[in-house]
Amino acid sequence: MNKNKKIILCAFIILIIFVLFISFYYKKIKNGNNISKSTDDIVNYILNISSYEANLEVIVESNKTKNQYKLNQLYSKPNIMKQIIQEPNNLENLTILYDGTNMRIENTSLGLSKIYEQYEYISQNSLWLSSLIDNFNEKSKITETENEIIIQNNNIYNDYNVSQILYINKSSSLPTKMEIMDNNKNTKIYIKYNEIKLNHLKQNDIIAFRLEKTNI
């Protein structure tokens, strides 16, 4: 093979490698695998969610007791909410449904049902991710570590509930946990999001949600 043919062959091989590289790079861009969201993008995404469904573990601490719960929460803007207790066993399937005006509490296992009309408290309940979103303002703090973004609201409701702190995984853009602290910076409520899905529910999905469903 003469020198010119070798040069042409090498150039052809290089061209093939280049084309394959560009094709692979384009697919990564198309699939979003190499797109890095900024902190602002992730924060705005969380603050503007339209709905969520989550399985979570909650620890509530008072001066003398510590209570643990497993809950299923469903939320749709502006204020449609449903919460189903999975554990402890004595409260299993206890369901709270809030339609923005009235709150219904029922337990199909015990045949109990009660409606509270013109009920406003649940919309301010710090157990809900939506409460952190509603309380976010110009005084809220946003910090970050290598793997997390942290949103903190201060002076929320009272001495027992002073700060809400939400931790968001950078790679997934999903909340992982939330802490509610008192005025002495003690964690009074700890929430761990075992699984959470954003922006896939509608209001009717929540209202029609079957009571026997306990898992996403």
Derivation of the side-chain contact (heavy atoms from CB on, under 4.5 Å) call for Ile80 and Tyr75 | CA-CA 6 Å; Ile80 307 300; Tyr75 163 85; over 6 Å; no
Could you give the distance from NZ (Lys70) to CD (Glu57), rounded to the nearest 0.5 Å?
-> 5.0 Å
Minimum side-chain heavy-atom gap Thr187-Ile180 below 4.5 Å | no
With the side chain counted from C-beta on, respond yes when Glu53 and His200 share a heavy-atom pair under 4.5 Å apart, and no when they do not.
-> yes
Leu132 with Ile59, same ILVMFWY side-chain cluster at under 4.5 Å | no
Return the minimal non-hydrogen interatomic distance between Pro78 and Gln203, and the atom names on each side.
-> CD-NE2, 3.4 Å
Distance (rounded to the nearest 0.5 Å) between Asn135 CG and Ser163 OG = 11.0 Å
Output, in order, the C-alpha distance, side-chain angles, deciding distance and verdict of side-chain contact (heavy atoms from CB on, under 4.5 Å) for Thr176 and Tyr193.
-> CA-CA 5 Å; Thr176 57; Tyr193 296 97; 5.8 Å; no
Which atoms form the tightest heavy-atom contact between Ile150 and Tyr167, and what is the distance?
-> CG1-CD2, 3.6 Å
Rounded to the nearest 0.5 Å, what separation is found between the OH atom of Tyr52 and the NZ atom of Lys77?
-> 13.5 Å
Heavy-atom closest contact (Leu56 atom, Ala54 atom, distance) = CD2-O, 3.7 Å
Do Asn72 and Asn55 meet the criterion of a side-chain donor-acceptor pair at a distance under 3.5 Å?
-> yes
State whether a side-chain donor-acceptor pair under 3.5 Å links Ser51 with Asn199.
-> no
Taken to the nearest 0.5 Å, the spacing of Ile206 CD1 from Gln83 CD works out to 12.0 Å
ILVMFWY cluster, Tyr98 and Ile115 together (side-chain gap under 4.5 Å) | no
How far apart are the C-alpha atoms of Leu166 and Ile46, what are their side-chain angles, what is the distance that settles it, and do they pass the side-chain contact (heavy atoms from CB on, under 4.5 Å) test?
-> CA-CA 10 Å; Leu166 180 69; Ile46 294 298; 4.0 Å; yes
Could you verify whether a donor N or O on one side chain and an acceptor N or O on the other, from Ser131 and Asp134, lie under 3.5 Å apart?
-> no
Do Leu47 and Tyr45 come close enough that some side-chain heavy atom pair is under 4.5 Å?
-> no
So CD of Gln68 and CD of Glu61: to nearest 0.5 Å the spacing works out to 9.0 Å
Looking only at non-hydrogen atoms, find the nearest pair between Ile196 and Leu174 and report the distance.
-> O-CD1, 4.0 Å
Before accepting this row, confirm whether a basic side-chain N of the pair Glu179/Lys177 lies closer than 4.0 Å to the acidic partner's carboxylate O.
-> no
side-chain contact (heavy atoms from CB on, under 4.5 Å) assessment of Gln73 paired with Leu127 | CA-CA 10 Å; Gln73 286 185 345; Leu127 287 179; 4.1 Å; yes
Answer with yes or no whether the hydrophobic clustering places Ile168 together with Tyr190; edges join I, L, V, M, F, W, Y residues whose side-chain heavy atoms lie under 4.5 Å apart.
-> no
Do the side-chain N and O atoms of Ser171 and Asn169 include a donor-acceptor pair separated by under 3.5 angstrom?
-> yes
Lys/Arg N to Asp/Glu carboxylate O, Glu144 vs Lys170, below 4.0 Å | yes
Approximate separation, where rounding is to 0.5 Å, of Asn153 CG and Lys139 NZ = 12.0 Å
Can you name the one residue among Asp205, Leu97, Leu201 that meets side chain to side chain contact (heavy atoms under 4.5 Å, CB included) with Lys82?
-> Leu97
Ile84: which of Leu91, Leu94, Leu71, Thr95 passes side chain to side chain contact (heavy atoms under 4.5 Å, CB included) | Thr95
Can you name the closest pair of heavy atoms from Ile191 and Ser126 and give their distance?
-> CD1-O, 4.2 Å
With Met181, the side chain to side chain contact (heavy atoms under 4.5 Å, CB included) member among Asn186, Ile165, Asn154 | Ile165
Leu198 and Ser173: which non-hydrogen atoms are nearest, and at how many Å?
-> CD1-O, 4.5 Å
